[in-house]
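Notes follow the structure.
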Amino acid sequence: MLNPMLKNLWYVVAPSTQLGSALLPVKLLGQAFVAFRDEHGAARLLSDICVHRGGSLSAGTKAAHTVQCPYHGWRFNGDGVCTQIPAQPDLRIPAKARVDAYPVVERYGWIWAFLGDLPEDQRPPLPALDWVDDPAFRVVSGHFDWDASWDRVIENGLDFAHAPFVHGSTFGDPDHPQIDAFEVRTDSWSGDATMTMRRPVRQGLLRRRATGETVAVETRPGFHLSGPCVTLELRPRDGWTIQIVSAHVPVGPNRTRTWWMMGRTFMRSALFDRVTVNRNLRIFREDHEILRRVRPERVPDDWQREVSVKSDALQIAFRRRVLELEKQGCRIDEARVERDYRGRLACAIPGPARREVSGWAIDAIPVVAARED
């Protein structure tokens, strides 16, 4: 698995509007979590395993701004610390009565959680998505669920060579599939490139009848490991700008949930929102028909098992960044989780408190050892 599930990254949990007064169950990286709002209205995220007898906290209730386990009523605050044991109210609460809590930021209309134990100064930044809050953009949003792994979904979003063949009826042009030369720009956490896409000119009421003519559209696809996000900037004509961000979140080994937003500086009436949403979902469905049949389901370990060309440069840049994280010990050992933990022992992605507090009842999720090669 070249691009497996990784800890020590920011992940999009859900849109801020989806987290109200109730508990919100969340699954990320094959693990269960519970999100809620504390007494100040701030979003919080905890591991969803009660340290007492393994109850699911997300199946419980909110009680005095804490999460109350449905099994024995133990309460946990936003830092994951047990604050009450109803069966023995006078008992000194054991120091190990705590669950992992994760740093949370609400920005651009999404709840972002850092799933790892790195100190704040070592965590990656979030992507710059300032256009989401820019009144010049009309923003719509939604989600899409894939029967495909997150690495395949992200690389698909960076791959413009597939558009003429997979999206020939929406925005691709199968008669002009050429990709002009482009340069990839990268930093420690992201990468992008400026490309030229040939969009077919269509006529008719629904713009479905091709005229045989094309229009060159400047596009800027990119990725950011926080999210993890694929971004796209389009300028379909003078004065028009489209911005798209898709956070492709690993739910499990071959399950991905995409939270997406699209902003446009033209046709800003709400009357056009449904058309925009339906168009995006149609593009996702077209991609899904390909990705759910791709083999192997994940990007192969050995790059020589695939043939790459120059037009794949942005995907290769993404792979290199992920490999660097693997070398740092961020790769979850999924084989060991399945072999040693599933149904036998509980484990959780470690939060930052594990660097300060010793003695935890639940094991930290195993990871593949860091390496230098």
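Atom set for the values below is all heavy atoms of this structure, side chains included, hydrogens, waters and symmetry mates excluded. All values reported here derive from a predicted model rather than from experimental measurement.
Side-chain atoms of Thr265 come within 3.5 Å of backbone N or O of Thr241 as a donor-acceptor pair. Between the side chain of Asp312 and the backbone N or O of Val309, at least one donor-acceptor pair lies under 3.5 Å. Not one N or O on the side chain of Tyr341 forms a donor-acceptor pair closer than 3.5 Å with the backbone of Ile365. Panel note: side chain Thr231, backbone Val245; no donor-acceptor pair is recorded below 3.5 Å. Judged by distance alone, with hydrogens and angles left aside, the side-chain atoms of Ser226 form a donor-acceptor pair with the main-chain N or O of Pro125 at under 3.5 Å. Judged by distance alone, the side chain of Lys62 and the main-chain N or O of Asp38 form no donor-acceptor pair under 3.5 Å. With hydrogens and angles ignored, the 3.5 Å screen pairs no side-chain donor or acceptor of Arg220 with any backbone N or O of Ala193. Asn77 places a side-chain N or O within donor-acceptor distance of the main-chain N or O of Gly80, the cut-off being under 3.5 Å. Panel note: side chain Asp117, backbone Gly351; no donor-acceptor pair is recorded below 3.5 Å. Not one N or O on the side chain of Arg336 forms a donor-acceptor pair closer than 3.5 Å with the backbone of Val368.
With hydrogens and angles left out, the side-chain atoms of Glu106 and Ser16 include a donor and acceptor closer than 3.5 Å. In this structure, a donor-acceptor pair under 3.5 Å is absent between the side chains of Asp180 and Thr196. Looking only at atom types and distance, the side chain of Thr186 has a donor-acceptor partner in the side chain of Arg321 under 3.5 Å away.
Of all heavy-atom pairs between Ile242 and Pro236, the closest is CD1-CG, 4.2 Å. Of all heavy-atom pairs between Arg107 and Trp112, the closest is O-NE1, 3.0 Å. Nearest heavy atom pair, residue Leu19 against residue Ala43, reads CD2-CB, 3.8 Å.
Cation-pi contact between Arg354 and Trp360: present, with separation from the ring centre below 6.0 Å and deviation from the ring axis of at most 45°.
The existence of a salt bridge linking Glu289 and Arg293 is confirmed by a sub-4.0 Å separation between a basic side-chain nitrogen and an acidic carboxylate oxygen. Residues Glu334 and Arg298 are paired through a salt bridge, judged by an N-O separation under 4.0 Å between the basic side chain and the carboxylate. Look at Arg320 and Glu324 and you find no salt bridge, because none of the NZ, NE, NH1 or NH2 atoms lies under 4.0 Å from a carboxylate O. We find that Arg319 and Glu306 are joined by a salt bridge, their nearest charged nitrogen and carboxylate oxygen being less than 4.0 Å apart.
Counting heavy atoms of neighbouring residues, nucleotides and ligands inside a 6.0 Å radius, atom CD of Glu39 exceeds 12 of them. In Asp121, the CG atom is crowded: over 12 heavy atoms of neighbouring residues, nucleotides or ligands sit closer than 6.0 Å.
The salt bridge (charged side-chain N to carboxylate O under 4.0 Å, His left out) search around Asp145 returns Arg257, not counting sequence neighbours.
Outside the 6.0 Å centre-distance limit, the rings of Trp150 and His248 are not counted as a close aromatic pair. The aromatic ring centroids of Phe114 and Tyr11 lie 6.0 Å or more from each other. Between Trp259 and Phe144, the distance separating the two ring centers is not shorter than 6.0 angstrom.
Pairs passing the ring-ring contact (aromatic ring centres under 6.0 Å, His included) check and including a residue from residues 59-92, sequence neighbours excluded, read His52-His72, His52-Trp74. Judged as a salt bridge (charged side-chain N to carboxylate O under 4.0 Å, His left out), the pairs with a partner in residues 72-86 (not counting sequence neighbours) are, in order, Arg44-Asp79.
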* To do: Would you check, one step at a time, whether the test salt bridge (charged side-chain N to carboxylate O under 4.0 Å, His left out) holds for Arg138 with Asp273?
  => CA-CA 9 Å; Arg138 174 72 182 182; Asp273 287 354; 2.5 Å; yes
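Going from atom CE of Met262 over to atom CD1 of Ile244 covers 4.5 Å, rounded to the nearest 0.5 Å.
You'll find the side chain of Val357 reaches within 4.5 Å of the side chain of Arg98, heavy atoms only.
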